[in-house]
Amino acid sequence: MLSQWHWQVAPTSIRAPLLDCAHCPSAKENSTLEQLNRRLEAAIESALLSAQKAGDLPQFEIPRIPVSPPKRAGQGDWAYPAMGLARLARKSPLDIARLIVDRLPTLDFAGKIEIAPPGFINCTIADDYLRKQIDAMLTGCQDFFQLDIGVGKRAQVEFVSANPSGPITIGHTRNAVVGDALARLLEAAGYAVQREYYYNNAGNQMIILGKSLQLRYLQQLGEDVPLPDDHYQGEYLVDVARDLAEKHGESLRNAGWQRFRDEAERVMFAWIKRSLAAINIQHDAFFNETSLFESGQIWSVLEAMRENGHIYQATHWEGADADEIADVTAKGYEPATWFRSSKFGDEKDRVMVKSDGVPTYTLPDIAYHRDKLERGFDIAVNVLGTDHFSQAQVVRHGIRALGMDPAPIDVIFLQMVRAVRWNKRLGDFEAVKQSKRAGDFDTLDDLVAMTSADAVRYHMLARSPNSQLDFDVDQVVKQSNENPVYYIQNAYVRCAGIFREAAGRGFDDDDADLTLLTESELRFVRKALELGNVIEQAVTQYEPQKIAFFAHELAGVFHPIYDEVRVLHSEVPAETAKARLRFYRACKSIFRYLLELMGMSAPERM
RNA sequence: GCCUCUGUAGCUCAGCGGACAGAGCACCGGUCUUCUAAACCGAUGGUCGCAGGUUCGAGUCCUGCCAGGGGCACCA
């Protein structure tokens with residue numbers, strides 16, 4: 001079955017090979033906070049065990065209480081709430097905290113360890129340790145922050161998956177940005193990632209698209225043929241028809257609609273790829289529905305489901321009530337092929353093959369996901385609009401009906417997105433109309449033209465998938481501190497500016513003495529070291545927006561320091577200046593990496 | 001009706017069962033002789049939709065309401 005893949009491989013060379021993980025980053029010791037919190041938790045657990053062994057604490061199973069960064073300054077970098085043990089240990093939280101701290105093994109990264117009421121253990125990272133991380137970071141953020149959770153594993157992200165019937169819309173754009181960001185984060189977590197695009201080209205929609213183009217073409221030839229209401233009305237098909245007429249003249253006058261469908265698919269796909277490339281997105285593989293028909297996979301899936309006893313022929317589903325039966329009878333349907341999905345928790349059964357013998361969308365969808373599972377990905381994430389929620393459930397039931405475990409497949413559901421602008425008269429936001437008149441936009445191309453690729457990527461990413469997103473086109477256009485895009489990029493630009501100036505003066509950071517750095521700079525390093533945790537959380541919880549929030553927070557730590565900590569200034573001693581230049585080298589490195597993780601550019605100037 | 005998402009400052013939104021609920025914007029007051037203004041400093045601003053419950057501890061978990069979005073095809 002593995003030999004029956006039907007994808008075109010996109011011309012991209014920068015991706016990791018899909019099957020060969022020989023050169024994947026190997027598990028290695030790294031020094032991010034991602035490990036520090038784990039090490040602190042382990043140390044606390046061993047302290048507790050030791051206290052139990054000595055009889056200072058009663059025997060109980062030690063619950064997992066994670067250490068977390070406190071909200072407030074002055075409470076250290078990691079806090080452990082010992083209150084959670086009070087009941088089990090039958091001691092006051094402060095006493096327990098004392099017992100733990102007294103027995104805590106030595107930790108090279110730990111500086112001050114304090115106990116605070118009502119029972120927190122606050123651990124501060126030692127300054128020396130932070131200073132060492134600056135040089136470590138300079139060996140490359142990609143390596144420095146590389147997690148080991150995905151090493152040796154293969155992940156697939158299926159996203160966009162818009163049918164080639166028109167341009168990429170605002171909704172697809174959110175999907176594209178979130179999917180690609182997740183793919184980048186998975187790569188940062190060590191996975192070999194494949195970006196896949198699945199599209200339906202076998203169904204009725206593509207037939208109508210072909211017929212629509214055919215009519216547009218005939219109109220170009222001067223024929224007076226109307227375009228029915230249920231056909232594609234978009235102006236873009238007129239452009240395609242005009243090109244066809246120019247290239248082929250009248251030779252296609254008697255061609256079948258299939259010829260036009262193929263042409264439409266080809267042109268639309270070229271357009272879609274161009275649009276996505278403009279925001280720095282490329283898929284590795286394209287998988288089409290038609291291939292599932294040609295290979296016969298849809299029928300083998302149906303057979304397998306039938307053998308497992310989940311398929312039946314009927315005019316209506318088995319649990320239909322009187323109203324539904326009356327409804328179906330009125331329509332006069334012949335028997336169709338049903339999937340008994342209600343057995344798997346669905347609210348009703350679903351039609352797999354219509355009474356006219358044509359499969360519904362669901363059957364190839366199940367076949368596609370079976371194929372995906374058979375390709376052996378450790379995780380396969382599907383980015384879908386929330387309007388596909390029910391459909392995704394049915395596919396899941398279908399996979400179970402095949403006797404397969406759908407566990408590797410996860411879905412990120414994106415809530416709706418719309419472009420809005422402020423309407424002064426109404427005193428409220430107003431949806432941008434779905435028309436193509438000047439100033440209105442509803443496609444990715446329009447969005448990019450009016451703002452920028454970077455702005456589109458950031459604003460589409462910086463929102464929880466669970467939240468609806470109003471893309472405020474006026475705000476996104478603004479080049480001011482109202483716009484986080486420039487706030488973040490400016491951090492990189494400012495670093496780049498220092499190095500331009502330093503180079504001009506022949507000043508470098510060779511032999512920098514990092515002990516000359518003070519609390520301000522170390523505050524930045526502390527924050528920067530959280531990146532490992534952020535990537536881990538983004539990947540394991542499927543929350544790629546976390547990286548956007550973090551980038552903004554880190555820029556928020558950076559700018560005040562930049563304002564205060566100068567390098568090439570008459571009053572800064574040369575040795576101090578060297579140390580600071582080294583610090584800004586690390587800053588520049590991490591901002592470049594963050595922008596790369598978000599698929600944004602890192603401009604040298606703005 | 002059923003499923004699902006959302007409701008936190010005037011606006012847009014963060015917030016891992018933990019300490020006094022945070023940013024940005026807007027508004028108000030300051031800061032460009034320095035590598036620095038797409039920036040910085042300061043001030044104002046809150047019954048976390050409502051009501052119960054679990055917990056030593058709830059914006060966070062549970063139940064029920066209220067309000068808004070989306071989905072519940074022999075469409076894709």
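Every chain is numbered from 1 and lettered A, B, ... according to where its sequence line falls, protein lines coming before strand lines. This structure is a prediction, so every number in the text was calculated from the model and none was measured.
Here A:Asn483 does not reach the OP1 or OP2 of B:rA38: none of its side-chain N or O atoms lies under 4.0 Å away. Side-chain nitrogen and oxygen atoms of A:Tyr368 include none within less than 4.0 Å of the OP1 or OP2 phosphate oxygen of B:rA76. In this structure, A:Lys354 reaches the B:rA76 phosphate: one of its side-chain N or O atoms is under 4.0 Å from OP1 or OP2.
In this structure, of B:rC5, B:rA14, B:rA76, it is B:rA76 that holds the atom nearest to the side chain of A:Asn163. The side chain of A:Asn204 lies closest to B:rA76, out of B:rA14, B:rC74, B:rA76. When each of B:rG71, B:rA38, B:rA19 is scored by its nearest atom to the side-chain atoms of A:Ser390, the top-ranked nucleotide is B:rG71.
Residue-to-nucleotide contacts include a donor-acceptor pair under 3.5 Å from the side chain of A:Gln415 to the base of B:rG69.
Here A:Ala336 lies in heavy-atom contact (under 4.0 Å) with a base. At a threshold of 4.0 angstrom between heavy atoms, the contacts of A:Pro118 with the nucleic acid are absent. If you check every strand for non-hydrogen atoms under 4.0 Å, A:Thr337 touches nothing.
In a base pair of the Watson-Crick type (N1 to N3 plus N6-O4 or O6-N4) or a G-U wobble (N1-O2 and O6-N3), with each distance short of 3.5 Å, B:rC28 is matched with B:rG42. Searching all strands for a Watson-Crick or G-U wobble partner of B:rA51 with both distances below 3.5 Å returns B:rU63.
Environment of CD in A:Gln541: crowded, with over 12 heavy atoms of neighbouring residues, nucleotides or ligands closer than 6.0 Å.
Judged by distance alone, with hydrogens and angles left aside, the side-chain atoms of A:Asp346 form no donor-acceptor pair with the main-chain N or O of A:Asp349 at under 3.5 Å.
In this structure, A:Lys354 is not positioned above the aromatic face of A:Tyr333 in the sense of NZ or CZ being under 6.0 Å from the six-membered ring centre and within 45° of the axis.
Between A:Tyr80 and A:Phe549, the residue anchored closer to the 5' end of RNA chain B is A:Phe549, taking for each the nucleotide with the nearest heavy atom.
If you take atom C1' in B:rA43 and the same atom in B:rU31, they sit 15 Å apart, rounded to whole Å.
Between A:Phe413 and A:Phe389, the ring planes are tilted. Angles from 30° to 60° get that label. Using a 30° and 60° split on the angle between ring planes, A:Tyr199 and A:Phe269 fall in the perpendicular class, above 60°.
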